[in-house]
Every structure is written in structure tokens, then in C-alpha cells.
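Inspection log for the structure reproduced underneath, given as C-alpha cells.
For this chain, numbers begin at 1 and follow the sequence in order.
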Amino acid sequence: MVLDVNGVRHEVITEPRRTLVDVLRHELRLTGTHVGCEHGICGACTVLLDDRPARACLVFAAQAEGARIRTVESLGAGCGGPAGDADDGGGCGSGAASPSDPGPDGKLSDLQRAFREHHALQCGFCTPGFLMLAEGFLAERPDPDRDEIREVVAANLCRCTGYQPIVEAIETCAAQRRRATRTAARPDSGKEK
């Protein structure tokens with residue numbers, strides 16, 4: 001089968017019963033997606049399938065063939081995330097080893113920076129899932145209120161942060177993205193004065 005992961009096509013030979021999280025971690029060596037409960041409850045394995053959050057432990061790898069798969073490694077600049085342009089084929093999937101590590105070009109995404117600034121990660125085990133959940137949510141709902149963010153993050157489990165820093169990080173990132181969009185939309189933006 002061929003999987004499109006972080007903008008890179010990977011030919012994979014695996015058993016039909018293998019889950020997407022297992023193929024990502026063991027076949028493709030993208031270890032940023034964590035395995036937690038293996039029952040779809042904790043959210044540590046959340047990835048984006050065609051821009052929508054999905055639990056990689058509940059999806060067979062074969063089911064993801066033909067879909068655009070994004071893992072936490074895609075969040076650094078240069079991988080088609082908000083921090084940069086689409087990948088040039090250089091291999092976005094080989095970048096970040098952990099959720100607080102930079103992408104292939106050495107930069108954190110705006111969402112990763114917001115998590116760092118708000119101390120929204122402690123042990124870091126749940127962070128990749130929260131980052132991908134938030135990335136998918138903000139793409140669908142760029143102007144969320146605090147209650148909507150709380151409702152979304154309740155889908156994933158964290159034992160360390162108490163959730164409030166995660167909510168604040170997502171709220172800050174959403175506000176920054178809205179400001180950047182408004183600035184870019186102004187006719188005089190980008191002109192030197």
C-alpha cells in the first residue's frame with residue numbers, strides 16, 4: 001500500500017491487521033505519535049486524516065491509504081503547516097522526534113510555540129495528540145471561544161497539566177492566526193513605508 005504521510009508518499013508492505021499508529025511508529029519511524037491506551041480513549045495517538053483528527057490506534061493502516069495523513073512531525077515549518085509552505089519533497093516526516101522539537105528546518109510551529117509559552121506540556125506524553133487535535137480543530141474553527149476549546153480538549157487525556165494551560169495555548173494560537181490573517185489581507189501589508 002502507499003501512504004501519504006506529511007506530504008511524502010511511502011510504499012509500505014504490512015499485514016492488513018496493523019494499525020496506523022503501529023505502521024507510523026515501526027515501519028516509518030515517526031515516533032512522535034504516541035501509543036497510550038490502544039482503545040481510542042486517551043488521544044495520545046491523534047493524527048490528522050484528510051485534515052480531521054483521528055485516533056491512529058483505531059484505524060487500520062490499510063484504511064488510511066489514499067488519505068492525507070499528518071503527524072506531529074508535520075507541524076514544524078516547511079511541512080505544509082501554518083508555520084511554513086508546503087514541503088518540497090525533502091521529507092517532512094523525518095523532522096521532530098518529540099512534540100517540542102522543531103521541524104525539519106529547525107523552527108517550531110505557531111501552535112508548538114504557544115504550547116511552550118503557556119507550559120501546556122509537562123511530561124509530554126499526551127502533547128502530540130493535543131497538538132494534532134488542536135491543529136485539526138483550529139483549521140475547522142479558526143475563531144473558537146474558550147468553552148469550545150475546553151469541549152474539544154476534553155476528548156484527550158492529560159494527567160499533568162490540569163488542561164488550563166492547553167486551553168490557553170490553543171486560545172493564544174487562534175488569536176495569533178486571526179491577527180496574521182487580518183494583517184495579510186490588508187492591501188498595504190507587505191509594502192515598505
Side-chain angles (χ1 to χ4, degrees), residues 3-8 10 19-59 61 64 67-84 87 91-140 149 152-163 165-170 172-173:
L3 297 177
D4 177 356
V5 183
N6 301 332
V8 178
H10 298 273
T19 61
L20 180 57
V21 71
D22 286 337
V23 169
L24 291 171
R25 291 181 61 81
H26 302 292
E27 305 295 325
L28 303 181
R29 302 288 186 225
L30 296 172
T31 58
T33 303
H34 291 168
V35 179
C37 66
E38 297 187 82
H39 296 287
I41 296 167
C42 73
C45 66
T46 302
V47 297
L48 297 183
L49 286 181
D50 290 331
D51 301 320
R52 301 196 55 127
R55 308 286 206 228
C57 73
L58 296 181
V59 176
R68 287 180 326 278
I69 304 163
R70 282 187 62 203
T71 67
V72 70
E73 287 89 352
S74 75
L75 292 180
C79 291
D87 181 34
C92 283
S94 60
S98 78
S100 60
D101 285 346
D105 74 346
K107 295 182 182 176
L108 295 175
S109 74
D110 56 349
L111 185 58
Q112 289 170 309
R113 285 191 310 271
F115 266 63
R116 183 183 64 195
E117 290 162 9
H118 286 277
H119 307 286
L121 61 143
Q122 288 181 22
C123 82
F125 189 81
C126 66
T127 307
F130 275 107
L131 286 166
M132 297 314 293
L133 179 70
E135 186 69 24
F137 172 65
L138 291 177
E140 186 176 305
I149 296 170
V152 166
V153 302
N156 284 19
L157 299 178
C158 175
R159 292 181 170 199
C160 304
T161 67
Y163 296 93
I166 296 169
V167 170
E168 291 168 359
I170 295 169
T172 296
C173 183

Which heavy atom of L3 sits nearest a heavy atom of A61, and at what distance?
CD2-O, 3.7 Å
Any side-chain heavy-atom pair of I170 and F130 under 4.5 Å
no
Please give me the minimum heavy-atom distance between R55 and G43, naming the atom from each residue.
NH1-CA, 3.3 Å
So, do M132 and L75 sit near enough that their side-chain heavy atoms are less than 4.5 Å apart?
yes
Heavy-atom nearest pair, H119 first then P165, reads O-CB, 3.7 Å
Give me the atom names and distance for the closest heavy-atom approach of C173 to A114.
CB-CB, 4.1 Å
Counting only N and O atoms by type, is there a donor-acceptor contact under 3.5 Å from the side chain of E140 to the main-chain atoms of R52?
no
Check: L49 and L20 side chains under 4.5 Å, non-hydrogen atoms:
yes
Closest non-hydrogen atom pair, C57 against T19:
O-CG2, 3.5 Å
L111 and E135: which non-hydrogen atoms are nearest, and at how many Å?
CD2-OE1, 3.6 Å
So, the side chain of S74 versus the backbone of T71: is there a donor-acceptor pair under 3.5 Å, distance only?
yes
Using a 6.0 Å cut-off, check whether atom CD of E38 has over 12 heavy atoms from anything other than its own residue.
no
Judged by atom type as modelled, is there a donor-acceptor pair below 3.5 Å linking the side chain of R70 to the main-chain atoms of D51?
no
Show your reasoning for whether side-chain contact (heavy atoms from CB on, under 4.5 Å) applies to C45 and T33.
CA-CA 5 Å; C45 66; T33 303; 4.1 Å; yes
Polar side-chain atom of Y163 near backbone of C158 as donor-acceptor pair, under 3.5 Å:
yes
Keeping the roles fixed (side chain from H34, backbone from A44), state whether a donor-acceptor pair exists under 3.5 Å.
no
